[in-house]
There are 2 protein chains.
Amino acid sequence: MSVAIENFVKAIYKNDNNDSNDTKPGNIAKKLGISNAAATDMAKKLASKNLLQYEKYQALQLTDEGTKMALNVIRKHRLWEALLFKLFDMSLHEIHRESELLEHATSNFLADRISEYLGNPKFDPHGDPIPNANGEITTIDTSMALSNTQEGKTYVISRLMSDDKEFFDFCALNGLKYGNPILVSKQFSKNKMTQITINNNNIVLNEDFTNIIYVNEI
Amino acid sequence: MSVAIENFVKAIYKNDNNDSNDTKPGNIAKKLGISNAAATDMAKKLASKNLLQYEKYQALQLTDEGTKMALNVIRKHRLWEALLFKLFDMSLHEIHRESELLEHATSNFLADRISEYLGNPKFDPHGDPIPNANGEITTIDTSMALSNTQEGKTYVISRLMSDDKEFFDFCALNGLKYGNPILVSKQFSKNKMTQITINNNNIVLNEDFTNIIYVNEI
DNA sequence: AATTAAATTTAAGTAAGCTTAAATATTAAT
DNA sequence: ATTAATATTTAAGCTTACTTAAATTTAATT
């Protein structure tokens, strides 16, 4: 399957949350940086390939086959992230950027070799779960967004859900890293801001960041 | 630049030996598995991009820019070969197959990280020289084809110039590996065959193999 | 409920990278 | 030196993955 198709099913899978509008052609188009018309065209094409269900003006829904393809691409992406992170001195953002390309140039055979080499990890350096070769993915998620945590408690960072370079620069600068502990020193609920303490530094985060940093109770 | 273009300049670079016919569109087409017409079209297009010189019915000649691009792709290919070979339990053929895809999905930045990690190697696991980031490549080659070696002398394997799975299966089976020593126990010049001794086994090779196995005097 | 705004779809068109078939040029053979 | 064989090029056409613009449908607003 082509790069365009792989990215299309991946975008649907990632947008498939609560709001069904998120998987309408327009939102997929926005995510992929293509026109709405192109997304509609592709949707029809993939429906004919039995990768998704398409009904005029409705949200797109991946079939089992489409979901499997999306998970396969995501698996490759996250395995590359884990490998590059382990081997090279690269930022999370750089790792993400490279994996975005490599995921489409990776055979299942190579993906299995990478996984094996890494000890079949269940999570990548962002804390995102890595689907296994059968398309099974860890979905049990006891973590919560930083915005939902309780003042005075200490947590460990479990996920950094972003593709943004500046966000990762910020994380690197301040020691926010998968597995690291942080203290929620103050919640400013009205203003939707959270103060955390890490390495004796106090940092105030607004909702842009508190919604994408996920943590687990210790 | 696209995968098609990268493969095209690479094919010209690799075919550019003594016989100028080798870089005519037809031979490039054969190498890439596309039609002659497609190769002619592409040649014209790349000429307009200043990657090669095209004159009707003549051999294609890469410009400096085209050569640089070819070397850049080859660099990525051979760095991937070296990395996969080091990390994973994969045959030379498998490594080649994967690198053929990965080379087009690799930024210069990542190539430099791989090179660094490997200690900036000058040769890949086939013994082929790896161009550096500036497109400089080791061309001093004191090695010779097995067909040109002298009876009774011992050599070390310096290159295995093939993409063929069966050939690499044969090599793996018999301990023919980059850097390994072999004794040329007999030359059957009339029949263009060579007998070598390796690990106390005598193996007789015909010219299909003696022309692609390169060795250095010790 | 009617109107306006926004999103989606259809239609027409483009560029890349191919194909096959026919025309043309080159090379090899008699 | 012709002729035959081979290679190259031109021409026409296809598929993929896009684009913009117009038409249609859905959703939001008054």
Side-chain angles (χ1 to χ4, degrees), chain A residues 1-12 15-62 66 69-70 73 100-101 103-105, chain B residues 1-13 15-62 65-66 69-70 73 100-101 103-105:
Chain A
M1 290 295 161
S2 69
V3 172
I5 292 176
E6 289 187 347
N7 279 332
F8 201 86
V9 294
K10 191 176 73 162
I12 297 172
N15 264 21
D16 192 7
N17 307 307
N18 310 312
D19 187 355
S20 74
N21 277 334
D22 290 349
T23 67
K24 282 187 173 174
N27 285 314
I28 302 303
K30 200 173 290 172
K31 185 151 192 163
L32 295 173
I34 61 177
S35 68
N36 286 7
T40 300
D41 271 5
M42 182 62 97
K44 285 184 190 170
K45 188 169 121 188
L46 298 194
S48 80
K49 285 183 192 287
N50 198 35
L51 291 168
L52 55 81
Q53 284 182 280
Y54 171 71
E55 278 189 89
K56 271 192 185 184
Y57 303 106
Q58 302 303 308
L60 304 176
Q61 286 196 288
L62 291 177
M69 180 183 288
V73 179
E100 203 68 13
L101 295 175
E103 64 186 15
H104 306 293
Chain B
M1 289 295 161
S2 70
V3 172
I5 292 177
E6 289 187 346
N7 279 332
F8 201 88
V9 294
K10 192 176 74 163
I12 297 172
Y13 183 89
N15 263 22
D16 191 7
N17 307 308
N18 311 311
D19 187 353
S20 75
N21 277 335
D22 290 348
T23 68
K24 281 188 174 175
N27 285 314
I28 302 302
K30 200 173 289 170
K31 185 150 191 164
L32 294 174
I34 61 178
S35 68
N36 285 7
T40 300
D41 272 5
M42 182 62 97
K44 285 182 189 169
K45 188 169 121 188
L46 297 194
S48 80
K49 286 184 192 284
N50 198 35
L51 291 168
L52 54 79
Q53 285 183 280
Y54 171 71
E55 278 189 89
K56 271 193 185 183
Y57 304 105
Q58 302 304 307
L60 304 176
Q61 285 196 288
L62 291 178
E65 205 183 324
M69 180 183 289
V73 178
E100 204 67 15
L101 296 175
E103 64 186 14
H104 306 294

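No experiment lies behind these values; they were computed from the predicted model shown. Chain letters run A, B, ... following the sequence lines, proteins first and then strands; every chain starts at 1.
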- Just wondering, more than 12 heavy atoms not from B:Gln61 lying within 6.0 Å of its CD? no
- Closest heavy-atom pair, B:Ile12 versus B:Thr23, reported as atoms and distance to 0.1 Å, is O-CG2, 3.9 Å
- Message: Nearest to the B:Met42 side chain among D:dT8, C:dG17, C:dT9, which nucleotide is it?
- Response: C:dG17
- Query: Please give, in whole Å, the distance from C:dG17 C1' to B:Met1 CE?
  - Reply: 15 Å
- Task: List the atom of A:Tyr54, the atom of A:Ala47, and the distance in Å for their closest heavy-atom pair.
- Result: CB-CB, 3.9 Å
- Rounded distance (Å) that lies between atom C1' of D:dC18 and atom CD1 of A:Ile28: 17 Å
- Residues from residues 32-40 of chain A lying under 4.0 Å of DNA chain C - heavy atoms: A:Asn36, A:Ala37, A:Thr40
- Query: Rounded to the nearest 0.5 Å, what separation is found between the CG atom of A:Leu46 and the CG atom of A:Asp41?
  - Reply: 10.5 Å
- Work out which heavy atom in B:Ala4 is nearest to a heavy atom in B:Met42; give both atom names and the distance. CB-CE, 3.7 Å
- Message: If I take atom CE from residue B:Met69 and atom CE from residue B:Met1, how far apart are they, to the nearest 0.5 angstrom?
- Response: 4.5 Å
- Note: contacts of residues 43-62 of chain B with DNA chain C (heavy atom, under 4.0 Å) are B:Lys45, B:Tyr57
- Compare all side-chain heavy atoms of A:His104 with those of B:Leu101 and state whether any distance is below 4.5 angstrom. no
- For B:Asn27 and C:dT27, what is the distance between atoms CG and P respectively, to the nearest whole Å? 13 Å
- Any side-chain heavy atom of A:Lys24 within less than 4.5 Å of one from A:Ile28? no
- Nearest-nucleotide comparison on DNA chain D, the residue closer to the 5′ end among A:Val3 and B:Asp41: B:Asp41
- Cationic N near anionic O, under 4.0 Å, A:Glu103 to A:Lys10: yes
- Roughly, in whole Å, what's the span from NZ in B:Lys24 to C1' in C:dA25? 10 Å
- Query: A:His104 has an atom NE2; how far is it from atom C1' of D:dT16, in whole Å?
  - Reply: 16 Å
- To the nearest angstrom, the CZ-C1' distance between B:Phe8 and C:dC18 comes to 13 Å
